[in-house]
Amino acid sequence: MQPNPTSRVGRVLHQVKRYVGPVPELPEVETVRRQLEPLVVGARITTCETHPSPRFSDAVLAAGNRIHRVNRRGKYLLVGLHAVPTTDVLPTRELVIHLGMTGGVNIATSPPDDPYVRACWSLDDGRYMVFRDVRRFGRLAVVATGDYSSLPTLHRLGPEPFDPSLDGSAFHSALTASRRHVKTSLLSQRPIAGVGNIYADEALWRARISPSARRVGRERATRLLANIRKVLGEAIANDGTTLRDYRTPDGETGRNQSHLDCYGRGGQPCRLCGTKLATRQLDQRTTTWCPSCQAR
DNA sequence: ACTGTAACCTGCAGGC
DNA sequence: TGCCTGCAGGTTACAG
């Protein structure tokens, strides 16, 4: 549907669209994982075609393997592969899928005719697993299981947010290991895995911590961890936040976008205190926060 | 070892 | 109408 700015409905659509923008973070990747796994486990990859970029071309190495499971670490999908014929109990290689900004995975019953398809794996049951990524910020790699040395961020990825061994004290130690702005530290994936721009703003707003703080005490770190878990957990329950291009493998959109309190609300009143939310670039990332609730 | 920054990439919106 | 510019942002290479 083309929004028509001259009609009332068109204006509304037009305004909504301004707040829409894709970003697969942990909840969106987890939603993809949950929907993809039952669709592909047990299937054997027969052939593969990819975009020529080295970001994607390694995907051909998945051909000839059977899909054993679909895991996730942070924002990375880890597709466990068995060599065929299967001799080992554990998968020997993994297909690593990073959705970047606009990536998505879906299952098709015929070869896709789409200029934005970056990889297409044909399965032995006649279906196709398709990776589509308009902006090509995504990444595909086939590695020995657990060997992430070719993917620096995954290699040095912080703990999963819901790892029970991650407590406020450990999170505080990880945060204080860096002198960067606390939000920038979160986005580095080092203190904790899977937080991107949307949920960083949301969690900092809920925890009432300034994104530009450089020192966060143990009590505030504990509060931040609790709120990261809340915003990620709620987003997973809502099947993710749907922004411009993100779709689940079912072709559905998530429902979390209507639950955002901070991201995308610059200039609008804070839902806690009514102060106008501020937006500016912080270390090259658009950041929205409440100058009153999140004062330094 | 750490920090900050430009680059990668494309569609879209806004200005003129 | 259409061209031009800026913006969105996860990751990585690189300079300091």
Side-chain angles (χ1 to χ4, degrees), chain A residues 1-6 10-29 32 50-58 72-77 96-104 114-119 131-141 143 148-158 174-202 211-212 214-215 232 240-247 257 260 262-267 279-288:
Chain A
M1 181 192 302
Q2 292 299 315
N4 175 1
T6 61
R11 266 200 312 277
V12 172
L13 287 173
H14 203 70
Q15 286 163 5
V16 168
K17 221 178 167 190
R18 291 197 73 246
Y19 295 104
V20 170
V23 189
E25 303 182 29
L26 185 147
E28 292 71 39
V29 179
V32 172
T50 76
H51 184 277
S53 162
R55 300 178 80 96
F56 309 116
S57 53
D58 276 5
R72 179 193 56 74
R73 271 284 279 138
K75 304 172 191 173
Y76 296 82
L77 284 171
V96 181
I97 301 177
H98 194 287
L99 301 179
M101 306 271 301
T102 56
D114 180 335
Y116 301 119
V117 167
R118 307 309 182 190
F131 179 72
R132 181 180 191 271
D133 181 14
V134 171
R135 292 183 56 191
R136 291 198 260 149
F137 272 36
R139 172 80 190 268
L140 304 172
V143 302
Y148 306 129
S149 51
S150 63
L151 300 141
T153 301
L154 177 57
H155 189 57
R156 307 176 60 175
L157 193 63
L175 274 185
T176 54
S178 165
R179 312 290 282 184
R180 311 175 87 175
H181 298 121
V182 61
K183 178 181 173 182
T184 306
S185 183
L186 288 178
L187 295 183
S188 76
Q189 310 298 302
R190 289 278 284 160
I192 193 166
V195 177
N197 206 39
I198 296 174
Y199 299 116
D201 278 4
E202 291 297 309
S212 60
R214 290 190 188 266
R215 301 181 69 89
L232 295 180
T241 298
T242 292
L243 303 167
R244 195 172 296 139
D245 293 307
Y246 168 75
R247 291 290 184 282
Q257 54 275 17
L260 301 179
C262 185
Y263 176 89
R265 296 194 64 245
T279 296
R280 74 170 175 92
Q281 295 287 120
L282 177 68
D283 296 332
Q284 301 181 311
R285 289 293 165 253
T286 299
T287 299
T288 300

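Lettering of chains follows the sequences in order, A, B, ..., and the numbering in each one begins at 1.
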- request: Please determine if A/Arg73 forms a cation-pi arrangement with A/Tyr76, meaning its NZ or CZ atom is less than 6.0 Å from the six-membered ring centre and no more than 45° off the ring axis.
  value: no

Rounded off to whole Å, could you give me the [atom1]-to-[atom2] distance for the [X] and [N] pair?
X: A/Arg55; N: B/dC9; atom1: CZ; atom2: P; answer: 7 Å
X: A/Asp283; N: C/dG10; atom1: CG; atom2: P; answer: 13 Å
X: A/Leu154; N: C/dT12; atom1: CG; atom2: C1'; answer: 14 Å
X: A/Ile198; N: C/dG10; atom1: CD1; atom2: P; answer: 8 Å
X: A/Leu26; N: C/dT11; atom1: CG; atom2: P; answer: 11 Å
X: A/Arg139; N: C/dG9; atom1: CZ; atom2: C1'; answer: 18 Å
X: A/His155; N: C/dT11; atom1: NE2; atom2: C1'; answer: 16 Å
X: A/Phe137; N: B/dC8; atom1: CZ; atom2: C1'; answer: 5 Å

message: Under a plain distance cut-off of 3.5 Å, with no hydrogens placed, do A/Gln281 and A/Thr287 share a side-chain donor-acceptor pair?
response: no

Write down the protein N/O and nucleotide N/O pairs, taken from nucleotides 4-7 of chain C, whose separation is under 3.5 Å; answer none if there are no such pairs.
none

Hey, is the main chain of [Y] close enough, under 3.5 Å, to the side chain of [X] for a donor-acceptor pair?
X: A/Gln284; Y: A/Leu282; result: no
X: A/Arg118; Y: A/His51; result: no
X: A/Arg190; Y: A/Ser185; result: no
X: A/Thr288; Y: A/Arg265; result: no
X: A/Arg55; Y: A/Ala141; result: no
X: A/Arg156; Y: A/Gly158; result: no
X: A/Asp201; Y: A/Cys262; result: no

message: Checking A/Asp283 now: which residues fulfil salt bridge (charged side-chain N to carboxylate O under 4.0 Å, His left out) with it, not counting sequence neighbours?
response: none

Reckon [X] has a side-chain N or O less than 4.0 Å from the OP1 or OP2 of [N]?
X: A/Thr102; N: B/dC9; value: no
X: A/His98; N: C/dT11; value: yes
X: A/Tyr76; N: C/dT11; value: yes
X: A/Tyr263; N: C/dG9; value: yes

query: Would you say the side chain of A/Arg136 and the base of B/dC9 hold a donor-acceptor pair, judged only by whether the two atoms sit under 3.5 Å apart?
result: no

message: Between the base of C/dG10 and the side chain of A/Arg285, is one N or O donor paired with an acceptor at under 3.5 angstrom?
response: yes

- request: Could you pick out which residue, A/Arg156 or A/Gln284, lies toward the 5' side of DNA chain B when each is mapped onto its nearest nucleotide?
  value: A/Arg156

query: For A/Gln189, which contact category applies under a 4.0 Å heavy-atom criterion: base, sugar-phosphate, or nothing?
result: sugar-phosphate

- request: For A/Arg214, report the nucleic acid contact type (base, sugar-phosphate, nothing); a contact means any heavy atom under 4.0 Å.
  value: sugar-phosphate

- prompt: Which residues in residues 174-182 of chain A have at least one heavy atom lying under 4.0 Å from any atom of DNA chain B?
  reply: A/Ser178, A/Arg179, A/Arg180

